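Inspection log for the structure reproduced underneath, given as structure tokens.
Note that the coordinates shown come from a computational prediction; the quantities given were computed from them, not determined experimentally. So you know, we letter chains A, B, ... as the sequences are listed, proteins then strands, and number each from 1.
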Number of protein chains: 2
Amino acid sequence: MAKTTQRTERRTDALSKERIVEAAIEILDKGGEGALTFRALAARLATGAGAIYWHVTDKNELLAMATDDVIARVMLVREAKPREAIRAIALGLFDAIEAHPWAGAQLSRAPWQSAVGEIFESIGSQLDALGVAEQAQLDVASALVHYILGCAGQNAANATNARLLPPGTDRAAFLATIIARWTQRDPAGFPFLHKMASRFRDHDDRAQFLAGIDLILAGAGTADKN
Amino acid sequence: MAKTTQRTERRTDALSKERIVEAAIEILDKGGEGALTFRALAARLATGAGAIYWHVTDKNELLAMATDDVIARVMLVREAKPREAIRAIALGLFDAIEAHPWAGAQLSRAPWQSAVGEIFESIGSQLDALGVAEQAQLDVASALVHYILGCAGQNAANATNARLLPPGTDRAAFLATIIARWTQRDPAGFPFLHKMASRFRDHDDRAQFLAGIDLILAGAGTADKN
DNA sequence: ACCTGAACACCGTTCAAGT
DNA sequence: ACCTGAACACCGTTCAAGT
């Protein structure tokens, strides 16, 4: 009989950190950061708002766990050649953040939590094999991580803002609008941006992101292809 | 008589965008981003919360204007040598964000507004004189700006978090704590961080920031000192 | 041990009403 | 034109009360 089920057996629909984070990610992916509310989360989990606090400390922990969940998968990349490993990690992060912009925002907002330690480690550990001198490794790893976090935040901001534009507006058009605004505010005052405007229009975000990685690696004196 | 003052004459304490932004900056500097509230702002200006909306669209515009105000001063730097100009701009931004962490957060959160256009321009316009090929200039400027924004966000996050620690804890100790947490979670899993731990402990944020700028410039093939 | 849901102390923003 | 301040529609978080 139903009443004789052991007490230690859990209802399959019982709450748990995992189920909560999973639901949070779904809400974040569908509605963006603003959509994640304890009330919305409780509704989706068919429970009360307070129940979530039994499993999770606060909203910050919730966001950190969701970000970890989405970023950790990227860190599994294994490439033999160190340069390719770094590029693969960087591109993996780029793609993950493109798919989950809120994770990019969280990463650049609370870097000491979440997966930034893993990112630092997996990039830094390639530098020996790349031939970067040990006393330069911290500077190079730090530059790479900061650059990646900067792009992550940017990407998240773009995604958030694109949401507010008339739907159908793609990224290139969005960037073009920004450049146009800057340039038109004072055409003579922005000669560089004016000169770069056309290049901006048809540039590839992903390729440009990778160019930055290569630039830093080149600066580290690793011009040879390892 | 007081009653005969012309109607066009303004009370010296009348509200204005300038006064509102000024008060907002004071609140932000003293209490951090969480302290800036329309109610707190209204109280400081001895007015009603709704009055502020007559001069300012919303909180986002308020933060953008405050950030612009604090960042714009940095852009005035004029250096003859292009490399020194870029370093001066970067360091100026670093210092400004250290003094006003909330501006760093805003910069990396809403880059298309505020002073990011000016930053892009003032850095990019130096690249010609630095000898960077024109087709590489967008990549280099973009890498520099993204790197700077990444550091800005990081810096803001550190400042926000340091506020929560027991007072007196300095930055170095804070970073050491983070590294320790990462390393101790799984010592064998973080060989690179473990190796770098001592270097982290006594590193100079400012110097490391500048090292990243130099790394990118070196990668752009501008090793000679212009 | 785990969950419920009302209640608390806030927010940003609006708006009828004043001067 | 500019300001007031109550009101609205939300938040995150807490907590007595249930099972």
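Relative to the side chain of Asp58(B), the nucleotides dT13(C), dC3(C), dG12(D) differ in distance, and dT13(C) lies closest. Of all nucleotides listed (dC3(C), dC3(D), dT13(D)), dC3(D) comes nearest to the side chain of Ala14(B). Of the candidates dT13(C), dC3(D), dT13(D), the closest approach to any side-chain atom of Ala51(B) belongs to dC3(D).
Side-chain contact check for Leu63(B) versus Arg109(B): some heavy-atom pair is nearer than 4.5 Å.
Leu193(B) contributes atom CG, which lies 5.5 Å from atom OG1 of Thr183(B) (distance to the nearest 0.5 angstrom). Between the CG atom in Leu15(B) and the CD1 atom in Ile20(B) there is a gap of 5.0 Å [rounded to 0.5 Å]. Rounding to the nearest 0.5 Å places CD1 of Ile148(A) at 3.5 Å from CD1 of Ile123(A).
Residues that satisfy the side-chain hydrogen bond (donor to acceptor under 3.5 Å, both in side chains) test with Glu22(A), not counting sequence neighbours, are absent from this structure. The side-chain hydrogen bond (donor to acceptor under 3.5 Å, both in side chains) search around Asp29(B) returns His100(B), Trp102(B), not counting sequence neighbours. Considering only residues two or more places apart in sequence or on other chains, Arg73(B) meets the side-chain hydrogen bond (donor to acceptor under 3.5 Å, both in side chains) condition with Asp69(B).
If Ala49(A) and Ala49(B) are placed on DNA chain D by their nearest nucleotide, the residue sitting closer to the 5' end is Ala49(B).
For the pair Tyr53(B) OH and dG5(D) C1', the computed distance is 14 Å after rounding to whole Å. For Ile52(B) and dC11(C), the CD1 to P distance is 13 Å, given to the nearest whole Å. Atom pair Leu62(B):CG and dG12(C):P shows a separation of 10 Å (rounding to whole Å applied). Going from atom CD of Glu61(A) over to atom C1' of dG12(D) covers 15 Å, rounded to whole Å.
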_Derivation and outcome, ring-ring contact (aromatic ring centres under 6.0 Å, His included), residues Phe209(A) and Tyr147(A)_ = CA-CA 9 Å; Phe209(A) 169 72; Tyr147(A) 170 72; 5.7 Å; yes
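Taking a pair as Watson-Crick or G-U wobble with both distances under 3.5 Å, the runs of three or more consecutive pairs in DNA chain D are C:4-8 with D:12-16, C:12-16 with D:4-8.
Close to dA1(D), at under 4.0 Å from its OP1 or OP2, lies no side-chain N or O of His55(B). At dC3(C), none of the side-chain N or O atoms of Trp54(A) fall inside 4.0 Å of OP1 or OP2 (strictly under the cut-off).
Contacts between residues 34-43 of chain A and DNA chain D, defined by a heavy-atom separation under 4.0 Å, are made by Leu36(A), Thr37(A), Phe38(A), Arg39(A).
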Output a table of donor-acceptor pairs, distance under 3.5 Å, between side-chain atoms of residues 149-159 of chain B and any protein atom two or more places apart or on a different chain; print 'none' if there are none.
residue: Gln154(B); atom: NE2; partner: His146(A); partner atom: NE2; Å: 3.2
residue: Asn155(B); atom: OD1; partner: Arg171(B); partner atom: NH1; Å: 3.1

